[in-house]
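To keep things clear, I will list the structure first and then write my remarks on it.
Model, not experiment: these values are computed from the prediction. Order of the sequence lines fixes the chain letters, A, B, ..., with proteins taken first and strands second; residue numbering starts at 1 for each chain.
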There are 2 protein chains.
Amino acid sequence: MVKELDEKNDALPDHVGWRLWQASRAWQAEFAAAMRAAGHVWFSEARAGLLGHIPRNGTRQSALIERAATSKQAVQQLLDGLEAEGVLERLPDPRDGRGKLVRYTRKGLDALRDGDRIKLQIERGYIDRIGEQRFAALMDALRSLDAGQADASGEAPGSK
Amino acid sequence: MVKELDEKNDALPDHVGWRLWQASRAWQAEFAAAMRAAGHVWFSEARAGLLGHIPRNGTRQSALIERAATSKQAVQQLLDGLEAEGVLERLPDPRDGRGKLVRYTRKGLDALRDGDRIKLQIERGYIDRIGEQRFAALMDALRSLDAGQADASGEAPGSK
DNA sequence: TCCATATGGTCAAGATACTTGACGATATTC
DNA sequence: GAATATCGTCAAGTATCTTGACCATATGGA
C-alpha cells in the first residue's frame, strides 16, 4: 500500500457533529458486538434504540411512539420483530380498548441485565482511555445539551 | 393526554452510549434539515457520512473504502447515488488501470460550502446552550476518545 | 516472460429499517 | 347520537447495507 504524496490527509472533519457521530457509532458497534457475543443474536442498533425508550415496567405503545422520534409504523415494525423474537409482548390496555401495553418478557429482562453489565464495561474502558475528569466533563456536557433542547427540535414524521 | 400515575418516568437511559446517540441524532437531524432547506434535497445522513470521508481534493475510491467503516459495495452504492445526483464524479485513475478517482463537482463543492456555514451555525447554538467551557470540554473529550482507539476497533465487513 | 495471487471495482440478490397512504376500531367532544 | 380524534394495523415503496460471485488489472516471483 503506497502512500501517495498528493493525497496527504487533507483535513477530515473535526466539528461537533462529526465527532458525536463517530463516537456514537463506535460505542454502538462495541455494544452490539458484546451483546451478540453474550448470546443476544436478535440485537440490532435500531432495536436497541427503541428498547431504550421502553422502561423496565413497560409502557403503552402510543407513549412509546411519542418518545421515539420516528413514525408509528416504524415503531410498530420494530415491535413486531421484537415480539417475534420473544423479547417483548403486547397486551391489550385494560383502560383503553384501542391501546396496547408493551412489556418485557423474561428474555427481554435478561437482555437488559446483560446490557447494563456491558455498558459498565465500556464505560470503564472509556475512563481508562481519557481519564475520569474528561469523562465526567463529557457526560456533563451531553446532559446539558439534552436538557437545553428538550422543547424545540423537530416533529416526528409520518404522523399524518 | 392524561398523565398516568403508574407510568411515571421510570429511568430512561443515562449512560454514555445513549447520550452520544441522542446527541448525534439531534445534530444530524438539525444539519440535514438545514441542508435540505438550503436546496440540497439530495442530502441524507448516509451520504453525509460518506462525504465526510472524501477530502475536498478528492480521493481514490479504494482509499475511501478503507476509511469508511463499511463494505466496498455499500460505498459503491452511495457513490452511485451521489454521482447520479451530480454531486461527485468518478474518473479513471491514471496511475492504476483498475482504480477510480472520486472528486466533487461544482454542485458538490457548493454543498460543502453551505455545509460549513450550517455547521458553524449549529455550533454557535450549542455554545449558547451549554456555554463555551462545556463545549470546549466536550470537544476535548470527544477528540481524546477518538485518538485513544484509532488502533483497536473492528474490521470492516464484507471485505472478503 | 509467464503464472499465481492480490487488489480495485462491479453486478445481483436479499435483509433491515424506515416512509407514506389508507383504513378499521375505539374514545372523546359537543 | 354525530363529528372528530386517537390507537393500532395493513400494504407498498425507498434507502441503506450485506453477502456472494465475478471480471480486469497489478504485482511478485519462478
Phosphate-side-chain proximity, B:Ser71 and D:dT18, N/O vs OP1/OP2 below 4.0 Å: yes
Side chains of A:Ile65 and A:Ser71 in contact at under 4.5 Å (non-hydrogen atoms): no
Test item: side-chain donor near acceptor, A:Glu66 and A:Ser62, under 3.5 Å: no
Any A:Gln61 side-chain nitrogen or oxygen under 4.0 Å from OP1 or OP2 of D:dC7: no
Nearest-angstrom distance from the residue atom CG of B:Asp80 to P of D:dT14: 17 Å
Donor-acceptor pair (no angle test) under 3.5 Å: B:Gln77 side chain, D:dT18 base: yes
Position toward the 5' end of DNA chain C (nearest nucleotide), A:Arg98 or A:Ser44: A:Ser44
side-chain N/O B:Lys100 vs C:dT10 OP1/OP2, d < 4.0 Å: yes
5' priority, DNA chain C, between A:Ala46 and B:Asp96 [closest heavy atom]: B:Asp96
A:Arg47 side chain near C:dC18 phosphate (N/O to OP1/OP2, under 4.0 Å): no
Side-chain N or O of A:Ser62 closer than 4.0 Å to phosphate OP1/OP2 of D:dT6: no
Atom-pair distance (CD on B:Gln76; C1' on D:dT19), nearest Å: 14 Å
Hydrophobic cluster identity match, A:Trp21 and A:Leu138, side-chain contacts under 4.5 Å: no
Test salt bridge (Lys or Arg N to Asp or Glu O under 4.0 Å) applied to B:Arg90 and B:Asp80, step by step: CA-CA 9 Å; B:Arg90 279 187 276 195; B:Asp80 286 346; 2.3 Å; yes
d(CZ, B:Arg60; C1', C:dG9) in whole Å: 13 Å
Short side-chain N/O contact to C:dA17 OP1/OP2 from A:Thr70, under 4.0 Å: no
Whole-Å gap separating P (D:dA26) and CZ (B:Arg95): 13 Å
Rounded distance (Å) that lies between atom C1' of D:dA15 and atom CG of B:Leu82: 12 Å
Polar pair under 3.5 Å, donor/acceptor by atom type, side chain B:Gln73, base D:dC17: no
Spacing between A:Glu45 atom CD and D:dA15 atom P, to the nearest angstrom: 21 Å
